[in-house]
Amino acid sequence: MRNPGIQLPQLEADVDLGGGVMSISRYFTEMLDPDMGWDDVAQMVADWGGPFCLKGVMAAGDAVRAAEIGCAGVILSNHSGRQLDGTRAPFDQLSEVVDVAGDRLDVLVDGGFTRGNHVLKALSLGAKAVGLGSYYLFALAAAGRPGVARAMGLMREELVRDMRLMGARRVADLGRENLRLR
Ligand SMILES: Cc1cc2nc3c(=O)[nH]c(=O)nc-3n(C[C@H](O)[C@H](O)[C@H](O)COP(=O)(O)O)c2cc1C
């Protein structure tokens with residue numbers, strides 16, 4: 001409310017944003033191309049020619065397919081559930097995806113991680129890395145760059161403190177025995 005209207009300069013040349021928030025929302029809905037399939041992704045993996053990480057995987061079967069077409073990693077993500085809310089949380093299927101991935105794929109995860117112990121739980125289940133989206137964006141909106149630095153500092157402190165309390169000296173010490181799922 002206190003700042004100028006939202007601007008998306010990277011889109012202004014190609015997209016009519018005259019309708020404000022609603023036209024931005026329509027753009028993000030319409031840009032999702034339902035014709036895209038696994039063959040297209042396989043082509044991208046081949047064209048890229050280097051390690052390829054596929055973001056937005058939400059099922060163990062899709063992680064298997066990603067491995068089969070040569071992806072080096074997947075990001076288990078519902079993109080924060082901002083459009084399709086009500087999906088199963090990425091964290092809730094992390095262990096299934098890690099199990100099918102084996103050592104063929106690195107599994108990264110994001111969606112809803114806002115505390116150091118959330119990150120440690122995901123690492124304990126076998127995630128290679130955890131992404132934070134809204135966590136830093138809320139801090140950015142509230143307090144700009146210093147807000148992001150503060151949020152990341154708090155995250156770091158939590159990670160270090162919680163690992164100390166768990167008796168874990170390094171990430172490799174984290175394992176499934178740390179968790180009791182109800
Ligand atoms: C404002 C905003 C815009 C986003 N835009 C995209 C996008 O264009 N493509 C995409 O794959 N993910 C997008 N995401 C999802 C993030 O890449 C990331 O998966 C998500 O923020 C992680 O969940 P979290 O916000 O709960 O931490 C967006 C997230 C936010 C908050």
Side-chain angles (χ1 to χ4, degrees), residues 1 3-17 19-38 40-41 44-45 48 51-60 62-63 65-66 69 71-98 101 105-145 147-159 162:
M1 289 170 65
N3 292 315
I6 296 171
Q7 293 188 336
L8 296 171
Q10 72 275 33
L11 297 181
E12 273 160 14
D14 307 308
V15 185
D16 175 15
L17 299 175
V21 173
M22 284 317 293
S23 69
I24 295 171
S25 162
R26 194 175 314 119
Y27 166 72
F28 280 112
T29 300
E30 289 171 2
M31 78 171 184
L32 302 172
D33 180 359
D35 290 334
M36 200 164 150
W38 283 100
D40 301 299
V41 185
M44 278 187 247
V45 173
W48 179 247
F52 190 103
C53 186
L54 182 63
K55 176 167 185 269
V57 166
M58 280 290 283
D62 286 346
R65 289 186 86 163
I69 61 170
C71 292
V74 290
I75 304 183
L76 186 55
S77 173
N78 63 354
H79 312 299
S80 200
R82 292 172 345 107
Q83 283 92 358
L84 184 63
D85 57 359
T87 62
R88 200 174 168 206
F91 177 82
D92 288 342
Q93 50 194 323
L94 177 58
S95 51
E96 290 165 33
V97 173
V98 167
L105 278 176
D106 283 344
V107 179
L108 292 71
V109 65
D110 74 19
F113 292 87
T114 57
R115 305 274 310 270
N117 69 47
H118 298 163
V119 173
L120 293 175
K121 286 173 187 171
L123 296 176
S124 295
L125 288 182
K128 286 282 181 348
V130 177
L132 307 170
S134 311
Y135 178 77
Y136 92 87
L137 288 171
F138 288 144
L140 181 69
R145 188 176 180 143
V148 177
R150 170 106 173 106
M152 297 316 291
L154 289 172
M155 177 60 71
R156 188 172 203 289
E157 275 173 30
E158 283 179 17
L159 288 170
D162 294 354

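As the structure is a computational prediction, the values presented were derived from the model and not from experiment. Atoms within each ligand, like the ligands themselves, are counted from 1 in listed order.
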- Query: Which ligand 1 atoms, with their elements, are less than 4.0 angstrom from a heavy-atom of L137?
  - Reply: 31 (C)
- Give every residue pair that meets the salt bridge (charged side-chain N to carboxylate O under 4.0 Å, His left out) criterion with at least one member in residues 120-144, sequence neighbours excluded. D106-K128
- Report yes if Y135 has an N/O atom closer than 3.5 Å to an N/O atom of ligand 1; otherwise report no. no
- of all protein heavy atoms, closest to atom 26 (O) of ligand 1 is G112 N, 2.7 Å
- Please report which non-hydrogen protein atom sits nearest to atom 8 (O) of ligand 1, along with the residue it belongs to and the distance in Å to one decimal place. M31 CE, 4.4 Å
- Message: At less than 4.0 angstrom from any non-hydrogen atom of D110, what atoms of ligand 1 do you find?
- Response: 18 (C), 19 (O), 22 (C)
- Item | Close side-chain approach of N78 and L84, heavy atoms under 4.5 Å | no
- If you round to the nearest 0.5 Å, how far is SG of C71 from CE of M44? 9.5 Å
- Item | Separation between CG of L54 and CG of L108, rounded to the nearest 0.5 Å | 11.5 Å
- Query: Can you tell which part of S77 has a heavy atom less than 4.0 Å from ligand 1: side chain, backbone, both or neither?
  - Reply: side chain
- Identify the closest protein heavy atom to atom 29 (C) of ligand 1: which residue and atom is it, and at what distance? R82 NE, 3.5 Å
- Item | Per-residue contact class, I75 against ligand 1 - non-hydrogen pairs under 4.0 Å | neither
- Message: Any non-hydrogen side-chain atom of I69 less than 4.5 Å from a side-chain atom of F52?
- Response: no
- Item | Nearest-contact summary for atom 24 (P) of ligand 1 - protein heavy atom, Å | S80 OG, 3.3 Å
- Query: Considering residues, nucleotides and ligands other than R88, do more than 12 of their heavy atoms fall under 6.0 Å from its CZ?
  - Reply: yes
- Hey, does the side chain of Y135 reach the backbone of A151 with a donor-acceptor pair shorter than 3.5 angstrom? yes
- Which atoms of ligand 1 sit under 4.0 Å from any heavy atom of G111? 22 (C), 23 (O), 26 (O)
- Query: Can you tell me the protein heavy atom closest to atom 27 (O) of ligand 1 and the distance?
  - Reply: G133 N, 2.9 Å
- Protein heavy-atom partner closest to atom 25 (O) of ligand 1 - residue, atom, separation in Å: S134 OG, 2.4 Å
- Item | W38 side chain to V41 backbone, donor-acceptor under 3.5 Å | no
- Within-cutoff protein neighbour (heavy atom, under 4.0 Å) for atom 6 (C) of ligand 1: no
- Message: With the threshold set strictly below 4.0 angstrom, can you tell me whether any protein non-hydrogen atom sits that near atom 19 (O) of ligand 1?
- Response: yes
- Query: Would a 4.0 Å cut-off, counted as strictly less than, catch a protein heavy atom around atom 31 (C) of ligand 1?
  - Reply: yes
- Query: Is I75 close to D110 at the side-chain level, that is, under 4.5 Å between some pair of heavy atoms?
  - Reply: yes
- Query: What protein heavy atom sits nearest atom 17 (O) of ligand 1, and how far off is it?
  - Reply: K55 NZ, 3.0 Å
- Task: Specify the closest pair of heavy atoms between R145 and L140, including all atoms of both residues, with the distance to one decimal.
- Result: N-CD1, 4.2 Å
